[in-house]
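Below is one structure, written out as structure tokens, with a few remarks after it.
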Amino acid sequence: MRQEFSERLKGVLEAVIFEYISNAEPIASKVIANKYPMGLSPATIRKIMSELEEKGYLTQPHASAGRV
């Protein structure tokens, strides 16, 4: 069964992928909030990144790191 993604999930995932490809470093929610005009706070982006991690699309190297 195909999982449906909201536009917010897609936008955050695309931003994380683009930033990771560009920098090869874990990406912080604040970077996404500042560089991509989605109208989302860093806290909201962290929640979305957590959802994406639960679905297996992102991983977090350690607790204080961004996500890859």
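- The CD1 atom of Ile45 sits 9.5 Å away from the CZ atom of Arg8 when rounded to the nearest 0.5 Å.
- Side-chain contact between Leu40 and Val12: present, with at least one pair of heavy atoms (C-beta onward) separated by less than 4.5 Å.
- By the 4.5 Å heavy-atom criterion applied to side chains, Leu58 and Leu13 are counted as neighbours.
- Counting only heavy atoms from C-beta outward, the side chains of Thr44 and Met38 never approach each other to under 4.5 Å.
- By the 4.0 Å N-to-carboxylate-O rule, Glu51 lies close enough to Lys47 to be salt-bridged with it.
- Taking each heavy atom of Ile32 and Glu19 in turn, the nearest pair found is CD1-CG, 4.1 Å.
- Between the side chains of Glu14 and Tyr36, no donor N or O sits under 3.5 Å from an acceptor N or O.
- Ala33 approaches Pro42 most closely through the heavy-atom pair CB-CG, 3.8 Å.
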